[in-house]
Amino acid sequence: MTTSAQPQTDRPNPAVIAAQNDAFRRFACLGIKPDQPIQGRLVVTQSMMEAGDGFVNAAVQAVGAFDTFEPENDPEGWHDFGAVEIQGETVFWKVDLYEADTDFRYGAEAPDDLETTMRVLTIMMARDW
């Protein structure tokens, strides 16, 4: 008996998630309004705050403008992680996807569903990782 591989339809489309993550990141960091409402929060770590307002503002702007996604830094194709250099410091950013009504306890079951997914964009010093 031979079986043919069936496409998995229950897996979210990475291109859809990438577009949503990019739209949320641009909105949170640059104020560019997305085509559709996207639930989410932007947080920065304590060490980012300690670096001063100018540093934080530069980091947020750089994260919002980031578009250098390669297979090495974006293996899933979700555009959910990146690194930027600010004043000689490496700054990481990460987008995590949660079920919107779970107080950030559970990962998103349908990460491409804007109605049920809450994004959290965290900006941190590389040393915080």
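These numbers come from the heavy atoms of this one structure, side chains and all, not from hydrogens, waters or symmetry mates.
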Any side-chain heavy-atom pair from I38 and R119 closer than 4.5 angstrom?
yes
Step through it carefully: locate the ring centre of Y98, locate the ring centre of Y106, and say whether they are under 6.0 Å apart.
no
Between M118 and F104, is the side-chain contact (heavy atoms from CB on, under 4.5 Å) condition met? List the steps.
CA-CA 8 Å; M118 170 72 75; F104 310 104; 3.4 Å; yes
If we only count heavy atoms from C-beta on, is the W93 to M124 side-chain gap below 4.5 Å?
no
When rounded to the nearest 0.5 angstrom, what distance separates OG1 in T45 from CZ in F92?
12.0 Å
Ignoring hydrogens and angles, tell me if any N or O in the side chain of Q61 forms a donor-acceptor pair with the backbone of L30 under 3.5 Å.
no
Given side chains that start at C-beta, do those of V44 and M49 come closer than 4.5 Å, heavy atoms only?
yes
Q46 CD to M125 CE distance, which is reported to the nearest 0.5 Å
11.0 Å
Residue pairs meeting salt bridge (Lys or Arg N to Asp or Glu O under 4.0 Å), one or both in residues 120-129, sequence neighbours left out, come to E89-R127
Value for CG (L42) from CD1 (I123), rounded to nearest 0.5 Å, stands at 5.0 Å
Taking R105's backbone N and O only, do any of them form a donor-acceptor pair with D103's side chain (distance below 3.5 Å, no angle check)?
no
How long is the span from the CZ atom in R26 to the CG atom in N21, to the nearest 0.5 Å?
10.5 Å
Does R41 reach the main-chain N or O of L121 with its side chain, forming a donor-acceptor pair under 3.5 Å?
no
Straight-line distance of D113 CG to Q20 CD, nearest 0.5 Å:
8.5 Å
So, are K94 and D80 salt-bridged, with charged N and O less than 4.0 Å apart?
yes
For residues D22 and H79, is any side-chain donor paired with an opposing acceptor at under 3.5 Å?
yes
Got a donor-acceptor contact below 3.5 angstrom from the E99 side chain to the T117 backbone?
no
Close side-chain approach of I17 and L97, heavy atoms under 4.5 Å
yes
E85 and T90: side chain to side chain donor-acceptor pair (under 3.5 Å), yes or no, with the steps?
CA-CA 5 Å; E85 289 290 322; T90 300; 2.4 Å; yes
Hits for side-chain contact (heavy atoms from CB on, under 4.5 Å) against A62, two or more places apart or cross-chain, chain-then-number order -> V84, I86
Among the clusters formed by ILVMFWY side chains lying less than 4.5 Å apart, do F69 and V95 turn up in the same one?
yes
Side chain D74, main chain P71, donor-acceptor under 3.5 Å:
no
dist F66:CZ -> C29:SG (nearest 0.5 Å) comes out at 12.0 Å
Residues two or more places apart in sequence or in another chain: which of them pass side-chain hydrogen bond (donor to acceptor under 3.5 Å, both in side chains) with D112?
none
Can you check whether F81 and W129 have ring centres sitting under 6.0 Å from each other?
yes
Can V120 be reached from F27 by stepping across I, L, V, M, F, W or Y side chains whose heavy atoms are under 4.5 Å apart?
no
